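Numbers restart at 1 for each chain; the letters A, B, ... are given by sequence-line order, proteins then strands. As the structure is a computational prediction, the values presented were derived from the model and not from experiment.
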Amino acid sequence: MTDAPILESRDLTIRFGGHAAVDGVSCAFSRGTLTAIVGPNGAGKTTYFNLISGQLPATAGQVLLAGEDITRLPAPRRARLGVGRAFQLTNLFPNLSVFENVRLAAQARAGAGLSLFRRADRLTDLADKAMACLERVALAGRREALAATLPHGDQRKLEVAIMLALEPRIFMFDEPTAGMSVDEVPVILDLIRRIKAEGDKTILLVEHKMDVVRSLADRIVVLHNGRLVADGEPAAVIASKVVQEAYLGVAASDG
Amino acid sequence: MIDRLLSGDLPRGRVLSFLVLAVVLALALAPILFPGQRNLDVAARICVFIVLVASYDLLLGYTGIVSFAHTMFFGIGAYGVAIASVRLGTGWDALAIGLIAALSLSAALALAIGLFSLRVRAIFFAMVTLAVASAFQILASQLSWLTGGEDGLTFRIPAVLTPGFRLSEEPILGVMITGRTLLYWGVFLVSASLFLVMLRMVNAPFGRVLQAIRENDFRAEALGYRTVVYRTSASVLSALIATLAGAMMALWLRYNGPATTLSFSIMVDILLMVVIGGMGSLYGAILGATLFILAQNYLQDLMKQAAAATQGVPLLPELLHPDRWLLWLGVLFVLSVYFFPSGIVGRLRGVER
Ligand SMILES: Nc1ncnc2c1ncn2[C@@H]1O[C@H](COP(=O)(O)OP(=O)(O)OP(=O)(O)O)[C@@H](O)[C@H]1O
Ligand SMILES: [Mg+2]
């Protein structure tokens, strides 16, 4: 693969007051790869994601999407350019139905939001797509429920279904299986595997469970105190001393 | 057919459907069912306020925007028609020119307020609308050469719409169809159409995005929706519809002044009607406006009778004195909010679910 990276961060930095939550992170992601981003709590993983998808403005550095500088673009623009995001802290439309949550994403993807006088319920292609996404996360049965009434695990699935409906080029999963019951986790992992198998989708995955990371990732990036401290093949990174110290020790102690 | 007209968004629930249908039929047939100048006045006012309240709900209930400038747009519509009729002479062309000017002014103001302040926090937007609306109200009463100041403007409208005009010399169905009756039906039809247009908007992709923004604007942005664009469009549309409502009000009264369309107390009335009817459902506007305006107009009569009936009982006649009607309206309001926090519509839908 000699293509230019689909996504790249260059010296990406954000400071909150004096504290640099992400500190000069340079990292390139090639199309079709799955990169796991690991690091202890507070390492800056979610903040790094926020800088890439535009929820936070960078203090310094750049974000490039397919070679284009998107550092100054607002979040909606980045979403429309194909940067998809599933949030760590579930972030839904609480009083809308499960179906409507996903349909809104499909509608955003289709760029149909500004149409004033067509009936949304007559746009069957959007509805079909939303249903297909719900089926992929095994949530089709709860389509009428209000998002707020779902149990935690289902809310996490819905979060993922919303990202699917956006059909992004970059999938950013932030601890997608956190808080899920044991039998729910495989649904999400299978799904990630299948997205990866499509071949042209680029996946960034923040995940604490090392066995998951080992089985899915092509590459592991380790963040610690906002800095990139290791980057490479999963086996090599997991074995390296710096990771054992910076991350695995901490991760082991918090369970 | 009905499904198409209502954009697939039926009232849902038997009681609610019945109430909505009853109000709509009563309003449609008001000149026949409730003859008399005063009754027709009340009916016309209900029609206009349903539109006004529904357009406010577009902002408050659907998009989650708190604005205090809604009466400003209502007033612009009313002044547009009134000023044009006074200045250009009575006629359809004056009405059209006044209306177009008013719509343009409203659109420009709503756009400016929206672009200037909808990017920032909701409370800031609310304060800006409050400031602009107050300034506008002061301006309207100061520019008395144009607006008639506190006295307002009385004007004439085309003769076919006046009480003097008779459709036929004979009563039809026992009712004398005058220009006034025609004007009423005009107001009813325009109001009904505007309501249906709004119903379509909230069930269109656009309206769905508004609800998404109300629910979680951060997430809406992450999906790719530019919330500023949607919020601003919603406030412009809502302002335009309020302007049309204002024009109808002035046309009906053949008068406009600060107290009829611009005053802050009307803003409060609108808020009450939205909340009593139920936010986030346009049908709430129908029930809220109807109930409120009926109470506003007939509660005093009812109280007068009650006060007379309780003559001799200590304290009661005093409490039931017609001048206390506002107090009782307040009590009604507090009770309804307490018992139906989601409004009448929310309550009726909730029960049958
Ligand atoms: N908006 C903010 N304002 C101030 N500090 C912030 C903000 N967002 C994040 N931080 C800080 O940045 C640091 C990194 O937080 P972040 O959420 O990115 O960690 P994380 O690696 O995702 O951790 P976890 O594994 O717990 O999810 C933390 O110290 C956090 O307190
Ligand atoms: Mg995190």
Got a sec: does the [atom1] of [X] have more than 12 other heavy atoms crowding it under 6.0 Å?
X	atom1	value
B/I2	CD1	no
A/E68	CD	no
B/F218	CZ	yes
B/Y338	OH	no
A/R193	CZ	yes

Return the minimal non-hydrogen interatomic distance between [X] and [Y], and the atom names on each side.
X	Y	value
B/R200	A/F117	NH1-O, 2.8 Å
A/S115	B/A204	O-CB, 3.6 Å
A/I162	B/L223	CG2-CD2, 3.5 Å
B/P205	A/A112	CB-O, 3.2 Å
A/P76	B/Y225	CG-O, 3.6 Å
B/N216	A/F93	O-CE2, 3.4 Å

To the nearest 0.5 angstrom, please state how far the [atom1] atom of [X] sits from the [atom2] atom of [Y].
X	Y	atom1	atom2	result
B/R4	A/R119	CZ	CZ	9.0 Å
A/L96	B/E215	CG	CD	4.5 Å
B/R208	A/D121	CZ	CG	6.0 Å
B/F206	A/R118	CZ	CZ	14.5 Å

Query raised in the report: Which atoms of B/L210 come close to chain A, meaning under 4.5 Å heavy atom to heavy atom: side chain ones, backbone ones, both, or neither?
Result: neither

Requested in this report: Report the option among A/G113, A/P74, A/A75 that has the most heavy-atom pairs separated by less than 4.5 Å from atoms of chain B.
Outcome: A/G113

Query raised in the report: Picking from A/Q55, A/Q107, A/R80, which has the most non-hydrogen pairs under 4.5 angstrom with chain B?
Result: A/Q107

**Report entry** side-chain contact (heavy atoms from CB on, under 4.5 Å) between A/L114 and B/R226, worked out
**Finding:** CA-CA 10 Å; A/L114 278 172; B/R226 286 149 75 200; over 6 Å; no

Query raised in the report: Could you go step by step and tell me if A/L104 and B/Q211 meet the side-chain contact (heavy atoms from CB on, under 4.5 Å) rule?
Result: CA-CA 10 Å; A/L104 277 163; B/Q211 294 171 57; over 6 Å; no

Side chain, backbone, both or neither: which part of [X] has a non-hydrogen atom closer than 4.5 Å to chain B?
X	result
A/R122	side chain
A/S53	neither
A/L126	neither

Query raised in the report: Between A/R77 and B/E221, is there a salt bridge with N-O shorter than 4.0 Å?
Result: no

Report task. Examine distances only and state if a side-chain atom of B/R219 and a backbone atom of A/L92 form a donor-acceptor pair shorter than 3.5 Å. Result -> no

